[in-house]
Amino acid sequence: MNLEGLNPEQKQAVTQVDGPLLVLAGAGSGKTRVLTHRIAYLIEEKDICPWNILALTFTNKAAREMRERVDGLVLRGADAVWIFTFHGFCARLLSREGGHLGFEKALTIFDDADTQSLIGRIIRDLELNDRVYTKRMLAGIFSDAKNNALSPAAYLQETGQPRQVLDAFALYQKRLRQCNAADFDDLLHLTLKLFAENPEVLAAYQEKFQYILVDEYQDTNLIQYRILELLAQRHRNLFVVGDDDQSIYGWRGADIRNILEFEKDFPGAGVIRLERNYRSTAAILKAANAVIENNTGRKGKTLRAHKGGGKPVSVHEAEDERAEAIYICNQIANAVRAGARYDAFAILYRTHVQSRILEMYLQGYSIPYRVYGGISFFARAEVKDVLAYLRLIYNSSDNEAFLRIVNVPKRAIGPAAIAALTASAERRDLPLLAAAMEPDDLPPAFAAKFKKFTALLEEAFVGFATRKLSDFTSELLLAIGYDAYLREYESERYESRTETVQELIGYMQEFEQNYEEGDPAVLQDFLTNVALFSNTDQMDEKQGVVSLMTLHAAKGLEFSRLFLCGLEDGLFPSERSRYDRDKLEEERRLCYVGFTRAMDELTLTYARRRMMYGRISDCMPSMFLKEARFQIPDSRFQTPIPFNGTSRAPSPTYTAAGASPRPTPPVVRETDFTVGEKVRHKVFGLGQVISLDGSGTTRLVQIRFSDGQIKKFAAAYAPIDRVES
DNA sequence: ACACTGTGAGTTTTT
DNA sequence: CTCACAGTGT
């Protein structure tokens, strides 16, 4: 096998295949090259069976790339190597071995939106104070708990969480189980549990994976570490690549300790440093090195430039964020006039909100751009709607999916009906769909609605087994009248929504090509694939446009000419990290990541004043500028390119479903009831008026229903009719 | 049932 | 400022 193109350190990292090995790979030092060559080397030179090799990454994109590149290096077998994201690997394992944990079939994976809505209902059901206990906060705590190797409940107890949090967590877990579902953290947590409780299962995989390779090791969390530790125990061939200086996901549970203590955790481990940088100019690396040197507790590593000196890194001070945007636009427009391509440029920022003003001016200057991040394709309302129907077919216990589509398209099934159904399901210990199919214990009006709904589903689900998934889905949408729904309630966005649905069907068609027709695994695999798909996975570089993204999203990418904007104290580093050393160091690593994305030119900008939260605040330059040893210059003026002034603030492309339903005029009804009169409520059935209050449209009517329930309604709006006796 | 209003909060988000 | 969401009024 040809290893000619590798430098000595890379070559060693590729060929030293036995025992634990840590490769500290600086930015732009060719780590993907090392990983892929090592896999190829194992197959071609060491005669290792591809299926005895496991390679783990964090993103689908990285996994895909790795497989493609390995495929280009070996004669055969690239598709047999186990190349997965951590979560994808765990999902696969659980789907194969979940029986040992008592799962009858593969779990449905809940994404963040599912999780959030589940937690929202828990807050309501437990009557928690939603000022104190927000969805976001609870989701964070639950995630933290699961990413700790202790049992989550024990961890919560230990960290002194109040009873409300413990209760909420218990209920959260209970409901996930009821739905036969797992959240992202569960995938990891349950895998560890599987291994811990089933030594024979563990032993089989320990035996299988003779060689394990891990990308971005600095981003692993404690659970991932434990899984690796177990898997590598037998053969001890654990190869990890990472860069402690690029650890920027600590706030999401990544434990930098894993990489810092690798040699202690795996005695006898070798360490190789890749410090030759093939990406950036010396000038850029000098600034990057100068910044990162201010961190403590590093493995220690200094990037050496392979390229020549390059243009000095420049700093620009702008009056405010608009002037900053104008400056950047001018720079780009001038460079393009001088022959540069738009796609040579990228603009990075600390927070998404900063993109708004940049977009506005880019539009004004007619500079084509694309913002990365934001709402993922699979998070769009219409996509989630369609997927919810499919999820319900695959897993009829998926209450989250049920709740999403029970009234989409609109079927006049409102909160009251859903509350009644939920209560009934709880009583009978049934999933919502099953309860809806036998709604006899519900008020007749509700029962009728649910019967109609489930009959429709049953009809729409016919033929699932005999058709291609894409064809089936098209017919399903027709059967439920989804298109008509979009036309009626999303009329302004109808075009874009139907386009998205078509795109989804197209994606499905592509997906099912990898399967024999009629293979029943398609749906499960499709749903897993979709759940584990993220917005960064579609980050195929768009040609001919400027890229905008957060610093986090930029990790792993490179751009010829880079702008890093908003280098102000309190914005970057962020206000919240300023007085916490660990957090500040993570911000500094983020800065380092940012600088090292630039290949040829790096421009740093900051504003003296910035509008934030509707307030104009004075800003100080970021401490990172000082650390990079810049003299802050006076603002310089460029020859301005006329601003054509036609821009307006970009409107968000997508909003949640039902965000803009067509207003329907309220139906004003008869308010002229008398006490004692018999009435029928559309939903609650027969009853008797027991009191009246107010007049006209504010008239309230109190009714005692036949089951003894007493309710109050706005007489003019409630669906109540007089019953002649 | 539905629309409107008022309030409060507001980084980063590989799966 | 600007979004999301719970509460309120018709």
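Proteins come first, then strands; the chains are lettered A, B, ... in the order of their sequence lines, and each starts at number 1. In this text the structure is predicted, and so the values were computed from the model without any measurement.
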Can you tell me the distance, in whole Å, between the [atom1] atom of [X] and the [atom2] atom of [N]?
| X | N | atom1 | atom2 | result |
| --- | --- | --- | --- | --- |
| A:Phe572 | B:dT11 | CZ | C1' | 11 Å |
| A:Tyr613 | B:dG10 | OH | P | 8 Å |
| A:Asp255 | B:dT14 | CG | P | 20 Å |
| A:Asn407 | B:dC2 | CG | C1' | 13 Å |
| A:Ile248 | B:dT12 | CD1 | C1' | 8 Å |
| A:Leu348 | B:dT13 | CG | C1' | 16 Å |
| A:Phe184 | B:dT13 | CZ | P | 15 Å |
| A:Arg615 | B:dA9 | CZ | P | 15 Å |

Would you indicate which nucleotide in [options] comes nearest to any side-chain atom of [X]?
| X | options | result |
| --- | --- | --- |
| A:His552 | B:dT13, C:dC3, B:dT14 | B:dT13 |
| A:Phe58 | B:dG10, B:dT14, B:dT12 | B:dT14 |
| A:Thr59 | B:dT13, B:dT11, B:dT14 | B:dT14 |
| A:Arg136 | C:dC1, B:dT12, C:dT2 | B:dT12 |
| A:Arg252 | B:dT12, B:dG10, B:dT13 | B:dT13 |

Check every strand shown and say whether [X] touches a base, only sugar-phosphate, or nothing at a heavy-atom separation below 4.0 Å.
| X | result |
| --- | --- |
| A:Asp112 | base |
| A:Ser574 | base |
| A:Glu575 | nothing |

Would A:Trp251 count as stacked on B:dT12 if the rule is ring centres under 5.5 Å and plane angle under 30°?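 Stack criterion met.
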Checking A:Arg92 now: which residues fulfil side chain to side chain contact (heavy atoms under 4.5 Å, CB included) with it, not counting sequence neighbours?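 Result, side chain to side chain contact (heavy atoms under 4.5 Å, CB included) vs A:Arg92: A:Trp82, A:Phe84, A:Arg96.
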Taking side chain to side chain contact (heavy atoms under 4.5 Å, CB included) as the definition, give me every residue that meets it alongside A:Met611, ordered by chain and number, with sequence neighbours left out.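 A:Met611 satisfies side chain to side chain contact (heavy atoms under 4.5 Å, CB included) with A:Glu321, A:Ile616 only.
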Taking 4.0 Å as the cut-off, does a side-chain nitrogen or oxygen of [X] come that near to OP1 or OP2 on [N]?
| X | N | value |
| --- | --- | --- |
| A:His352 | B:dT13 | yes |
| A:Arg589 | B:dT12 | no |
| A:Thr134 | B:dA9 | no |

Between A:Gly414 and A:Leu551, which has a closest nucleotide on DNA chain B that is more 5'?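 Taking each residue's closest nucleotide, the earlier one in sequence belongs to A:Gly414.
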Of A:Glu587 and A:Ile413, the one whose closest DNA chain B nucleotide lies more 5':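 It is A:Ile413 whose nearest nucleotide is closer to the 5' end.
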Presence of salt bridge, A:Asp618 and A:Arg610, under 4.0 angstrom: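 Salt bridge absent between A:Arg610 and A:Asp618.
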Are A:Phe89 and A:Leu231 packed together at the side-chain level, in the sense that at least one heavy-atom pair is separated by less than 4.5 angstrom?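 Yes, their side chains come closer than 4.5 Å.
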Please confirm whether the ring centroid of A:Phe378 lies under 6.0 Å from the ring centroid of A:Tyr507.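 Aromatic pair counts; centres sit under 6.0 Å.
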How about A:Phe58 and A:His87: are their ring centroids closer than 6.0 Å?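 Between A:Phe58 and A:His87, the centre distance exceeds or equals 6.0 Å.
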